[in-house]
Protein chains: 2
Amino acid sequence: MDTRERLIETTRELLWERGYVGTSPKAIQQRSGAGQGSMYHHFDGKSDLAFAAIEREAAALVARAEADLGGPGSAVERVASYLRRERDALRGCPVGHLTMDPDVMADARLRQPVAEALAAVVERLAEVLEEARSAGDLDVEPLPTATALVAMLQGGYVLARASGDPATYTRAVDGALALLR
Amino acid sequence: MDTRERLIETTRELLWERGYVGTSPKAIQQRSGAGQGSMYHHFDGKSDLAFAAIEREAAALVARAEADLGGPGSAVERVASYLRRERDALRGCPVGHLTMDPDVMADARLRQPVAEALAAVVERLAEVLEEARSAGDLDVEPLPTATALVAMLQGGYVLARASGDPATYTRAVDGALALLR
DNA sequence: GTCTATAACCTGATAGAC
DNA sequence: GTCTATCAGGTTATAGAC
């Protein structure tokens with residue numbers, strides 16, 4: 001992995017752990033092993049480097065959702081496997097996380113990939129719910145239901161982090177799946 | 001309002017807007033109109049002042065939930081009025097917000113009021129759901145359902161902030177209420 | 001209770017040598 | 001491409017006068 005790549009991956013980690021406001025260029029340089037000059041050679045500054053990291057994280061989120069929602073099985077099964085996929089509940093969502101960061105939300109460029117990725121996941125889930133409805137397996141409005149389910153996952157992280165217990169996240173998912181029937 | 005009070009209320013505002021990591025003592029002093037010496041006279045430091053603000057915010061969260069969940073009406077109606085209560089979707093939850101802040105989560109003292117308040121809301125909602133179940137109006141497991149519903153609210157903020165549109169929050173609530181039937 | 005002074009370190013970046 | 005030097009300003013306090 002070359003220096004540029006290491007800078008981006010390190011920034012992904014730090015954005016996840018500490019957010020944008022809580023991540024300093026110095027911390028990125030130290031963890032990645034890149035020097036000051038090196039970082040400013042490859043990127044215009046903190047915001048530019050964060051953009052590269054956020055774009056990549058956003059694309060990864062959409063890809064993970066698609067792996068479940070576009071996988072094998074009936075529409076209902078795919079929704080369940082998306083909801084039940086193992087997640088690192090105490091770390092939270094690397095993308096959803098960023099919506100609570102004031103400096104990310106204040107910067108249109110940083111905000112865009114976050115907005116697009118979450119919207120894409122909701123829309124994709126709505127498509128699969130629509131499919132389940134057509135098949136007669138479910139009787140719900142696709143878009144509000146998809147929005148509620150993705151919100152429940154995002155909020156599941158909030159409650160799990162607050163309680164310090166990953167089981168809180170699982171409990172939220174169980175509750176949502178039970179409601180879906 | 002005296003200086004001490006102004007410091008606490010200003011800190012509540014700034015924690016909501018910018019989080020703990022993103023809020024500096026200087027910013028608190030400037031917005032509250034209190035001087036450096038004044039702040040350090042009333043509080044041991046940033047963390048001590050934040051604790052006072054967080055404790056108060058956490059208590060307010062529990063009180064708002066109780067106003068709906070302990071209000072008049074049937075159990076089902078109270079759940080609906082809790083879920084439908086108007087919230088400032090783009091600002092997010094002043095308490096849930098803090099779970100994404102690394103320095104709050106790393107400090108047991110700051111974390112405790114956040115953990116307790118969110119747990120109290122979930123438990124209270126579960127009680128009301130149990131009541132609705134006893135009345136034969138609802139057929140759900142109280143605790144997982146309450147966890148899913150509170151998570152949905154917390155995640156509704158995430159999606160609304162990402163999209164920049166408060167309607168996203170409302171859509172999530174609508175989806176959840178529809179599932180509850 | 002509030003003020004100013006001071007401190008040691010961090011932040012986010014630029015400049016120019018190698 | 002990477003390095004070190006430098007910079008103006010912010011951070012989170014402490015000290016002591018008023």
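Values below: all heavy atoms of this structure, side chains included; hydrogens, waters and symmetry mates excluded. This one's a predicted model, so the numbers in the text were calculated from it and none came from an experiment. Letters go in sequence order (proteins before strands), and every chain restarts at 1.
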Return the nearest nucleotide to the side chain of A:Ser24; candidates are C:dG1, C:dG12, D:dT2. C:dG12

Under 4.0 Å from OP1 or OP2 of C:dG1: is there any side-chain N or O of B:Thr3 that close? no

In whole angstrom, give the distance that lies between atom CG of B:Asp107 and atom P of D:dT12. 14 Å

Could you give the CD-to-C1' distance, from A:Gln29 to C:dC10, as a whole number of Å? 12 Å

Atom OH of B:Tyr40 to atom C1' of C:dT6: distance rounded to whole Å? 14 Å

Between B:Trp16 and B:Gly92, which heavy-atom pair has the shortest distance, and what is it? NE1-O, 2.9 Å

Select base, sugar-phosphate, or nothing to describe what B:Gly37 touches, counting heavy atoms under 4.0 Å on all strands. base

A:His42 has an atom NE2; how far is it from atom P of C:dA13, in whole Å? 17 Å

Between B:Arg6 (CZ) and C:dG1 (P), how many Å, whole number? 13 Å

Between A:Met39 and A:Lys26, which residue's closest nucleotide on DNA chain C lies nearer the 5′ terminus? A:Lys26

Whether the B:Thr3 and B:Ser38 side chains hold a donor-acceptor pair (N or O, under 3.5 Å, no angle test) is what I'd like checked. no

Nearest-angstrom distance from the residue atom CG of A:Asp103 to P of D:dG10: 15 Å

Heavy-atom neighbours of B:Asp139 CG exceed 12 at 6.0 Å: no

Provide, to the nearest angstrom, the distance between the CG atom belonging to A:Asp44 and the C1' atom belonging to C:dG12. 13 Å

B:Arg18 to A:Tyr20 six-membered ring, cation-pi geometry met (6.0 Å, 45°): no

Tell me: CZ of B:Arg4 to C1' of C:dT2, nearest whole Å? 16 Å

